[in-house]
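Each remark here refers to the structure printed beneath this line.
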Amino acid sequence: IDGTARSIAEPAAAAASAAAPLSDVTSAAYDLPITMELGTEPTVQAALDGSTTSVPLLVDTGSSGLVIPDTDLGANNLWQLLLDYGFPSHIGESGYSGGVNYIYLTYNDLPVSYADGLTTSGPVDIEVYSWEPGDFGSLFTNDAFQNFLSSNDVSGILGIGENTAGPTTSPFESFGNVTVDIPGSNLIVGGDPVTGTSLSGAPIITDYISIDGGPLQAVSNDIDSGGVTGTIPVSLL
């Protein structure tokens, strides 16, 4: 069992992902409609393992890896999950800085269908046990991950970030570019990204901020779509 380092991103967590070899990059572009939940949370719909019912996934540039609870697959316990899907390729532990730690199983052949004809086969990280740090009682209820997701109006987290921490890589790793186009209400998978101002680094960048007409100050910034409004250090004020 590998323990993964926690990320400071919100709500991020996933193992650092390497860029796909150019020979493996798929050139086709897919436009997945984005819906904004709670004002700050970009979500896309996905159907798991051939289901006819789609569930909302939080599009998170602050983490990497598609993480869903076992209940999304209709499993009532770990043994039922293993009976239905067999032994996983990996077992690990991770967490999100929003306040949840969890044990997960990784499956590399679980189909997930999105809009515009896009289907991926993995990796998918299935949470099987979770708890809230600092809450001893949550060790016995095993519902911290579900509570974490419901408070964000989603059923799973679609981590698409580069150089982030967390369970596995993005299921879109082989498509090259992924663009979160919130003004255009699309998650663009593959193809060319939208044009505009470019800042190097992902998800941590250095930019320059002026507060109330003051001088520009260099700031190490976390570009994270995972459901927060943002924070600034008091030193800038």
(Q) Between Ser51 and Thr53 (side chain of the first, backbone of the second, donor and acceptor by atom type, cut-off under 3.5 Å), is there such a pair? (A) yes
(Q) If we ignore hydrogens and angles and just use 3.5 Å, is the side chain of Asn77 paired with the main-chain N or O of Trp79 as donor and acceptor? (A) yes
Q | Any side-chain heavy-atom pair of Tyr102 and Ser94 under 4.5 Å | A | yes
**Q.** Steps toward side-chain contact (heavy atoms from CB on, under 4.5 Å) verdict (Asp31, Val189)
**A.** CA-CA 7 Å; Asp31 294 332; Val189 181; over 6 Å; no
Q: Decide yes or no for Tyr30 and Val178: does some side-chain heavy atom of the first lie under 4.5 Å from some side-chain heavy atom of the second?
A: no
**Q.** Nearest heavy-atom neighbours spanning Glu132 and Ala144
**A.** N-CB, 3.7 Å
Q: Measure across Pro133 and Gly99 and return the closest heavy-atom pair with its distance rounded to 0.1 Å.
A: CD-O, 3.6 Å
Q. If you look at every heavy atom in Tyr107 and Tyr85, which pair is closest and at what distance?
A. CE2-O, 3.3 Å
Q: Check Ser63 against Ile157 and note the closest heavy-atom contact, atom names and distance.
A: OG-CG2, 4.1 Å
Q.
Please find the pair of heavy atoms, one from Pro171 and one from Gly159, that lie closest to each other, and give the distance.
A. CD-O, 4.3 Å
(Q) Within this structure, what is the CD1-CD distance for the pair Ile34 and Glu41, rounded to the nearest 0.5 Å? (A) 12.5 Å
(Q) Has Gln80 got a side-chain atom pairing as donor or acceptor with Gly74's backbone, closer than 3.5 angstrom? (A) yes
Q) Is a donor on one side and an acceptor on the other found under 3.5 Å between the side chain of Ser225 and the backbone of Thr61? A) yes
(Q) Checking the side chain of Asn142 only, and the main-chain atoms of Ser138 only, is there a donor and an acceptor separated by less than 3.5 Å? (A) no
(Q) Taking Val154's backbone N and O only, do any of them form a donor-acceptor pair with Asn152's side chain (distance below 3.5 Å, no angle check)? (A) no
Q. Is the backbone N or O of Gly122 less than 3.5 Å from a side-chain atom of Asn108, with the two atoms forming a donor-acceptor pair by type?
A. no
Q: Check whether any side-chain heavy atom of Leu48 sits under 4.5 Å from a side-chain heavy atom of Leu73, and report yes or no.
A: yes
Q.
As an exercise, state the distance from CD1 of Ile103 to CD of Glu93, rounded to the nearest 0.5 Å.
A. 5.0 Å
Q: State whether a side-chain donor-acceptor pair under 3.5 Å links Asp143 with Thr141.
A: yes
Q. Is a side-chain donor-acceptor pair under 3.5 Å present for Ser121 with Asp109?
A. no
Q. Are any of the side-chain heavy atoms of Val67 and Pro167 separated by less than 4.5 Å?
A. yes
Q: Give a yes or no answer on whether the side chain of Thr43 reaches the backbone of Pro56 with a donor-acceptor pair at less than 3.5 Å.
A: no
Q.
Please tell me whether Ile223 and Leu58 are part of a single hydrophobic cluster in this structure, the criterion being side-chain heavy atoms less than 4.5 Å apart.
A. no
Q.
Could you check whether any side-chain heavy atom of Val59 comes within less than 4.5 Å of a side-chain heavy atom of Ile160, counting everything from C-beta outward?
A. yes
Q) Does a side chain donor of either Ser150 or Asn147 reach within less than 3.5 Å of an acceptor in the other side chain? A) no
Q: Would you indicate whether the side-chain heavy atoms of Pro203 and Thr164 approach each other to under 4.5 Å?
A: yes
Q) Linking I/L/V/M/F/W/Y whenever their side-chain heavy atoms sit closer than 4.5 Å, directly or via other members, would Leu199 and Ile182 fall into one cluster? A) no
Q: Check whether Ile205 and Ile209 end up in the same hydrophobic cluster, where Ile, Leu, Val, Met, Phe, Trp and Tyr are linked by side-chain heavy atoms less than 4.5 Å apart.
A: no
Q. According to the interplanar angle, ranging from 0 to 90°, do the rings of Phe136 and Phe140 count as parallel (below 30°), tilted (30 to 60°) or perpendicular (above 60°)?
A. perpendicular
Q | Ser210 side chain vs Gly214 backbone, donor-acceptor pair below 3.5 Å | A | yes
Q) Would a line drawn from the ring center of Tyr104 to the ring center of His90 be shorter than 6.0 Å? A) yes
Q.
In the structure I gave you, are the side-chain heavy atoms of Glu127 and Val100 within less than 4.5 Å of one another anywhere?
A. no
Q. Of the options Asp70, Leu82, Asp125, which is the one that meets Leu105 in a side chain to side chain contact (heavy atoms under 4.5 Å, CB included)?
A. Leu82
Q) Which heavy-atom pair separates Leu139 from Tyr129 by the least distance, and what is that distance? A) O-OH, 2.6 Å
Q. In Å, rounded to the nearest 0.5 Å, how long is the span from OG1 of Thr120 to CG of Leu66?
A. 7.0 Å
Q | Residue pair Ile126, Leu81: steps toward the side-chain contact (heavy atoms from CB on, under 4.5 Å) verdict | A | CA-CA 9 Å; Ile126 302 176; Leu81 184 69; 3.9 Å; yes
Q. Can you tell me how far OG of Ser185 sits from CE of Met36, rounded to the nearest 0.5 angstrom?
A. 9.0 Å
Q. What distance do Leu149 atom CG and Leu57 atom CG have between them, rounded to the nearest 0.5 Å?
A. 9.5 Å
**Q.** Common cluster, Leu187/Leu38, ILVMFWY with side-chain heavy-atom separation under 4.5 Å
**A.** no
Q) Distance-only, no hydrogens or angles: does the Asn101 side chain make a donor-acceptor pair with backbone N or O of Trp131 under 3.5 Å? A) no
Q: Check the pair Leu158, Val44 against side-chain contact (heavy atoms from CB on, under 4.5 Å), reporting the backbone distance first and the verdict last.
A: CA-CA 9 Å; Leu158 177 60; Val44 295; 3.8 Å; yes
Q) If you group Ile, Leu, Val, Met, Phe, Trp and Tyr by side-chain heavy-atom gaps below 4.5 Å, do Phe87 and Leu83 land in one group? A) no
**Q.** Val180/Ile188 under side-chain contact (heavy atoms from CB on, under 4.5 Å): CA gap, chis, key distance, verdict
**A.** CA-CA 7 Å; Val180 184; Ile188 305 170; over 6 Å; no
(Q) Is any side-chain heavy atom of Phe145 closer than 4.5 Å to one of Thr71? (A) no
**Q.** Asp207 and Asn221 side chains, donor-acceptor separation under 3.5 Å
**A.** yes
Q.
Pairing donors with acceptors under 3.5 angstrom, does anything connect the side chains of Ser155 and Asp72?
A. no
